[in-house]
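Residue numbering restarts at 1 for every chain, and letters A, B, ... go by the order of the sequence lines.
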Protein chains: 2
Amino acid sequence: MNETKIRILDAAERLIAEQGLDVSLRAITAAAGVNLAAVNYHFQSKDALIDAIVARAIEPVNRRRLEMLDAVERESADGRLPLEGVLRAFLSPLTELDPRGREHVRALMGRIYSVPDEFIRRVFDRHLAAIAERFLEAFARAVPELTAEERVWSMLFAIGAVIHVLNWSGTLPHLFKDLVDVSDGKALTERLIAFTAAGFRSLEHTRQLEQSHA
Amino acid sequence: MNETKIRILDAAERLIAEQGLDVSLRAITAAAGVNLAAVNYHFQSKDALIDAIVARAIEPVNRRRLEMLDAVERESADGRLPLEGVLRAFLSPLTELDPRGREHVRALMGRIYSVPDEFIRRVFDRHLAAIAERFLEAFARAVPELTAEERVWSMLFAIGAVIHVLNWSGTLPHLFKDLVDVSDGKALTERLIAFTAAGFRSLEHTRQLEQSHA
DNA sequence: GTCTATAGGTTGATAGAC
DNA sequence: GTCTATCAACCTATAGAC
């Protein structure tokens with residue numbers, strides 16, 4: 001790929017992570033050290049540039065998710081999958097994203113998930129629908145006791161937990177001074193897996209309690 | 001309060017919930033049926049208008065949260081608080097927000113929490129810091145086995161779960177057709193409380209397992 | 001491929017009549 | 001308090017020289 005094209009992507013990626021999707025092309029090209037017109041030459045429009053950034057951010061995460069999920073499924077002898085393993089495949093590609101020098105990609109990912117309806121629908125259809133379907137099947141094999149509805153809600157809660165941390169990652173150290181260490185992706189992963197796995201299982205338990213009372 | 005001032009607030013609230021914070025004053029005044037200059041007359045600037053909207057959305061939620069937390073604390077004989085009760089005080093004022101005719105306030109709340117760093121810092125310092133501190137104390141009395149760090153992470157995960165649902169509430173029915181019913185706030189509350197309560201407790205269990213292995 | 005120059009449209013804010 | 005009219009600044013996109 002052309003060098004200035006990459007410079008534009010890198011600069012836009014960082015600025016969008018910091019300020020949101022409504023950064024001006026002038027700010028982007030200035031940060032990239034290229035000419036304003038270069039954006040419309042290499043990409044066709046600002047929208048196309050944003051699409052390229054979204055794809056470059058999400059697709060590697062999705063590939064890693066599917067790799068890890070495939071491995072989990074290979075290792076399971078019977079039909080049942082280990083819930084923690086499925087959650088690790090789902091969450092850790094996000095939490096352990098781009099360790100050095102590109103921490104802003106985490107904030108970018110949070111931003112992409114937290115954008116107005118019209119936009120998120122496009123992103124979902126293009127980059128997330130297939131992944132969601134695949135993981136819902138995996139969750140069905142990990143916690144078959146749950147109803148399909150309960151699995152969807154649980155997955156949404158898990159996404160929310162990780163996205164919110166990514167979304168606030170830039171400012172969390174300021175909000176809770178010494179109490180949170182955002183830089184330790186692995187520790188965050190373990191906490192998230194423990195928290196969400198217990199959450200998934202709790203819905204089943206809640207329903208069993210209701211039934212035994214009836 | 002002046003009538004046109006309220007009309008502006010209502011229109012801006014709805015448009016920001018739907019499209020995000022970068023709605024133009026022209027779009028707002030057109031939707032409100034008032035003159036463009038009215039915004040700068042009644043509020044001083046667009047920023048001040050946004051601050052007013054944020055305050056009007058968050059403050060009633062905070063009041064309700066503190067009311068409910070006070071009640072939970074009054075009812076507890078010993079020093080220990082029921083975790084589910086604290087979580088209900090924390091979450092249900094969000095999930096059961098403005099039931100009829102003002103569903104967009106949920107999306108607005110999600111939007112407010114998912115905004116670039118510079119903005120969220122201002123919102124946090126002004127409207128959320130005191131609440132966070134108060135509830136961290138309550139969580140300390142509900143799950144004293146956790147470290148302060150674990151309580152902060154758990155609270156962040158719980159916020160993320162609810163905010164993500166609010167943030168996507170407008171488009172969730174499209175993404176998961178029949179599987180999710182966003183309109184049933186009470187059912188959502190119960191699921192969230194069960195999920196997050198189990199999550200809080202899981203971190204403690206994880207650590208106890210580690211210690212017993214050592 | 002990269003630049004300058006500029007078209008054509010939007011924005012927030014305000015001055016001044018009523 | 002409410003209006004019209006307008007300013008100055010910003011935006012994206014493109015035409016055309018090099």
Side-chain angles (χ1 to χ4, degrees), chain A residues 1-57 108 111-112 115-123 126, chain B residues 1-57 108 111-112 115-123 126:
Chain A
M1 187 158 17
N2 188 299
E3 195 214 336
T4 66
K5 195 167 177 177
I6 297 179
R7 291 169 66 93
I8 293 173
L9 278 172
D10 287 340
E13 182 178 83
R14 163 163 274 118
L15 287 176
I16 289 176
E18 290 169 358
Q19 308 173 25
L21 283 172
D22 52 343
V23 198
S24 70
L25 293 183
R26 281 174 167 78
I28 293 171
T29 51
V34 304
N35 189 275
L36 170 61
V39 171
N40 282 67
Y41 176 79
H42 288 288
F43 310 84
Q44 283 70 5
S45 65
K46 186 185 181 181
D47 272 0
L49 169 61
I50 290 180
D51 283 346
I53 289 171
V54 170
R56 195 174 74 148
L108 172 67
R111 194 109 317 134
I112 291 174
V115 113
D117 290 0
E118 183 197 5
F119 189 90
I120 198 63
R121 209 169 292 189
R122 216 171 69 204
V123 172
R126 229 178 260 182
Chain B
M1 187 161 11
N2 187 298
E3 194 214 338
T4 67
K5 195 168 177 178
I6 297 179
R7 291 169 66 91
I8 292 173
L9 278 173
D10 287 341
E13 182 179 83
R14 164 163 272 117
L15 287 175
I16 290 176
E18 290 169 357
Q19 309 174 24
L21 283 172
D22 50 345
V23 198
S24 70
L25 293 183
R26 282 173 170 78
I28 293 172
T29 51
V34 304
N35 190 275
L36 170 62
V39 170
N40 282 66
Y41 177 79
H42 287 288
F43 309 84
Q44 284 69 4
S45 65
K46 185 185 181 181
D47 272 0
L49 168 61
I50 290 179
D51 283 346
I53 289 170
V54 171
R56 195 174 74 147
L108 172 67
R111 193 107 323 132
I112 291 174
V115 113
D117 290 0
E118 182 197 4
F119 189 90
I120 199 60
R121 209 168 291 190
R122 216 171 68 204
V123 172
R126 228 176 262 182

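- Rounding to the nearest 0.5 angstrom, the gap separating the NE2 atom in A:H42 from the CE atom in A:M1 is 11.0 Å.
- Proximity of a side-chain donor or acceptor of A:K46 to a complementary backbone N or O of A:V23 within less than 3.5 Å is detected.
- One finds no side-chain N or O of A:T4 lying less than 4.0 angstrom from the OP1 or OP2 phosphate oxygen of C:dG1.
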- List the protein contact pattern of nucleotides 12-18 of chain C with one symbol per nucleotide (5' to 3'): B for base contact, S for sugar-phosphate-only contact, - for none; contact means a heavy-atom distance under 4.0 Å. BBB----

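- Between A:A27 and B:G33, it is B:G33 whose nearest contact on DNA chain D lies nearer the 5' terminus.
- Distance CG/B:L49 to NZ/B:K5: 10.0 Å, rounded to 0.5 Å.
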- Would you sort out whether B:V54 and B:F119 count as a side-chain contact (heavy atoms from CB on, under 4.5 Å), showing the intermediate values? CA-CA 11 Å; B:V54 171; B:F119 189 90; 4.2 Å; yes

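- Rounded to whole Å, the distance from CD1 on B:I28 to C1' on C:dT11 is 12 Å.
- Per the geometry, CG belonging to A:N35 stands 11 Å off C1' belonging to C:dA5, to the nearest Å.
- Across residues 6-19 of chain A, not one residue has a non-hydrogen atom less than 4.0 Å from an atom of DNA chain D.
- Tested against B:I53, the residues B:D10, B:L9, B:I8, B:I112 include a single side-chain contact (heavy atoms from CB on, under 4.5 Å) partner, B:L9.
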- Message: With side-chain contact (heavy atoms from CB on, under 4.5 Å) as the criterion, how do B:Y41 and B:T4 come out once you've worked through the C-alpha distance, each side chain's angles and the decisive distance to 0.1 Å?
- Response: CA-CA 11 Å; B:Y41 177 79; B:T4 67; over 6 Å; no

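- Between the CG atom of A:L15 and the CG atom of A:L108 there is a distance of 11.0 Å, given to the nearest 0.5 Å.
- In this structure, B:E18 CD and A:E118 CD are separated by 11.0 Å, a value rounded to the nearest 0.5 Å.
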